[in-house]
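What follows is a single structure, written as structure tokens, with notes after it.
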Amino acid sequence: IRTGCDRCVVAGSFTVPERLVPAVEAILGPAEIPFEPAEPLQFRRVIGQSNVRNFVNDTPVSARLLAAVGEQLLDLHGANEQLSLTHPARQLEMLDRYAGAEEMVAECRRICAELDALAREREEFDRNIPDESERSRLELVLEDIDKVNPAPGEDEELSARFRIAGNSRQVLETAGHLTAALTEAEDSVSDRMGGVYRKLLELSRIDEALAEGLLEECDRIQEEIGALSNRISELADKVELDPEALAAMESRLGELFTLKRRYGPTLEQVLERREEAAGRLELFHNTAARRAEFDRRREALNTELRAVAGKLSELRKRCAAKFADEVRSKLGAIGFAKCVLEVEFTAVEPGPNGMDRIELLFSANAGESVHPLRKIASSGELSRLMLALKTVLADADAIPVVVFDEIDVNIGGETANRVGEELHNLGRNRQILCISHLAQVAARVDRHFRVEKHTQEGRTFSECRELDAESRVKEIGRMLGGGASAETHARDILRRAGR
């Protein structure tokens, strides 16, 4: 981020080839990102001081999704990538890419991930199996709770009944007073309402309008008083003056209280503790069966892994010879006419990458035996070998944009001419962006840009400028050392390159 600024914005526009539309749609569709195949795909990254925001078609996306789409559209190779070519894992990755084996590799990795998850589950299971001492404790817990056999909510219901039964005499006396006051005693509420009714009746005889509706209201109140008295009587009938029943309720409440003190403090927690103990005991008694189930699942996954890895190995071996032949052909075009390239397979235990380990064996000269790249290849040989591999892979997977960042380091002379020609050929059906300091490579390009820095008012600026025909001559001449003779040489190189 430039000094004095709070962010940097990087944007790019890609035309998606028709053959890649399904792959791009498979990534963008589930994320609900708008995509019209006929329109360029817009990428943008806003890099702030503390965060980075990514956008595809102006829709915010994760860095992972941005990378997933980018991998479909662009392949980047820099000079520092050459050393990775000596690693067998990287070589296997290239062969899989050539063979179109990525889905099989992904399947192997999925199965291995399930095996790892199963192993962790088994480890957790073994760690949690009760031992004999815990089994004894669990059995005591079950015996203790089952002996009382509490029902959900029983303690609250029984406590309410016990409170009423414990005060039964007072309840009966109060109920008697109430029923007497309402309907049974002399001068009860019912009797007084009878007097009210008679007075209203006298009024109605004088003038019906004076007591209109009041007689009916008085009848209704009389009925409600009688109903209330009956309900109080029914309540009293339910109260038992039974000392033995009261003692039984008190004893039951004591048992429930003991359980809650041991395993509660609530009855719900007591019941949960019982379920937990029962589950742990079931685990103890079913250990052998559960372990057998783990073994069955593991064996099924291993069988599936071996089957997929076997098919993957067959595909790799079927494509390896053709892969080596095509790379040898590309190497022949850039100065290794007599080279030998072979793919050596070594069987390994099935894993995330299948059941193969491969090694690229190489000899740059006729009559020399092949050896692993990591042991014999020079940096110049690795540069050309990487170019050949990238060219073959670009043809295989149809990536529309390939960036070569100083792919031509450590080469020169006629080999540089051939590398430039090979890059030009590769660019016939895709876009090649090539950063180079070699005149022979630069002379082959269709469009030439010069990237340079300059200082203005004490600040440094980078500028990318497209060159016209004359500027191109001067720039290639500068690569050749500068001066009139270098520019003459540059014109000659451009003429021979058809530029």
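Since this is a predicted model, take the numbers as computed values, not measurements.
Between the side chain of Asp75 and the backbone N or O of Val402 there is no donor-acceptor pair closer than 3.5 Å. Remark: the backbone N or O of Gly226 is paired with a side-chain donor or acceptor of Asn230 at under 3.5 angstrom. Under a 3.5 Å cut-off, the side chain of Thr258 and the backbone N or O of Gly254 do form a donor-acceptor pair. Under a 3.5 Å cut-off, the side chain of Glu39 and the backbone N or O of Glu36 do not form any donor-acceptor pair. Here the side chain of Thr59 pairs no donor or acceptor atom with the backbone of Phe55 at under 3.5 angstrom. Under a 3.5 Å cut-off, the side chain of Gln91 and the backbone N or O of Leu360 do form a donor-acceptor pair. Side-chain atoms of Arg280 never come within 3.5 Å of backbone atoms of Ile129 as a donor-acceptor pair (strictly under, hydrogens ignored). For Asp356 (side chain) and Ala347 (main-chain N/O), no donor-acceptor pair under 3.5 Å exists by modelled atom type.
Looking only at atom types and distance, the side chain of Arg316 has no donor-acceptor partner in the side chain of Ser313 under 3.5 Å away.
Here Phe43 and Phe14 bring their ring centres to under 6.0 angstrom of each other.
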Show the numbers, then the answer: is there a salt bridge (charged side-chain N to carboxylate O under 4.0 Å, His left out) between Arg273 and Glu268? CA-CA 9 Å; Arg273 180 74 176 92; Glu268 288 73 17; over 6 Å; no

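Salt bridge present: Arg122 and Asp126 bring a charged side-chain N and a carboxylate O closer than 4.0 Å. The existence of a salt bridge linking Glu255 and Arg252 is confirmed by a sub-4.0 Å separation between a basic side-chain nitrogen and an acidic carboxylate oxygen. Ion pairing of Glu114 with Arg298 is absent here, as no side-chain N (NZ or NE/NH1/NH2) approaches a carboxylate O to less than 4.0 Å. A salt bridge links Arg220 with Glu217: at least one charged nitrogen is closer than 4.0 Å to a carboxylate oxygen. Using a 4.0 Å cut-off between a side-chain N of Lys or Arg and a carboxylate O of Asp or Glu, Arg357 and Glu359 qualify as a salt bridge. In summary, Glu299 and Arg296 do not engage in a salt bridge, as defined by a charged side-chain N under 4.0 Å from a carboxylate O. Here Glu93 pairs with Arg90 in a salt bridge; the nearest charged N to carboxylate O distance falls below 4.0 Å.
Here CZ of Arg231 is found 12.5 Å from CG of Leu178. Values are rounded to the nearest 0.5 Å. Taken from SG in Cys218 to CZ in Arg198, the straight-line distance is 10.0 Å, to the nearest 0.5 Å. To the nearest 0.5 Å, atoms CE (Met193) and CG (Leu182) are separated by 12.0 Å. Atom OG of Ser159 sits about 9.5 Å away from atom CD of Glu154, to the nearest 0.5 Å.
At most 12 heavy atoms of other shown residues, nucleotides or ligands fall within 6.0 angstrom of atom CZ in Arg64. Remark: Arg7 CZ is loosely packed, at most 12 non-hydrogen atoms of other residues, nucleotides or ligands lying under 6.0 Å away. Heavy-atom contacts from other residues, nucleotides or ligands closer than 6.0 Å to CD of Gln49 number more than 12. Annotation: Arg192, atom CZ; neighbour count of heavy atoms from other residues, nucleotides and ligands within 6.0 Å does not exceed 12. Open room surrounds NZ on Lys311; 12 or fewer heavy atoms of other groups in view lie less than 6.0 Å from it. Around the CD atom of Glu25, the shell of radius 6.0 Å holds more than 12 heavy atoms that belong to other residues, nucleotides or ligands.
Across every non-hydrogen atom of Leu256 and Asp155, the tightest pair is CD1-CA, 3.8 Å. Contact detail for Pro400 and Arg430: the closest heavy-atom pair is O-CB, 3.2 Å. Considering every non-hydrogen atom in both Gly354 and Val348, the closest pair reads O-CG2, 4.4 Å. Here the closest heavy-atom approach between residue Ile1 and residue Asp6 is recorded as CG2-C, 4.0 Å. When all heavy atoms of Leu423 and Ile432 are compared, the pair lying nearest together is O-CG1, 4.2 Å. Closest approach of Pro40 and Asn57 over heavy atoms only: O-OD1, 4.0 Å.
Listed by first and then second residue, the ring-ring contact (aromatic ring centres under 6.0 Å, His included) pairs involving residues 246-267 amount to none (not counting sequence neighbours).
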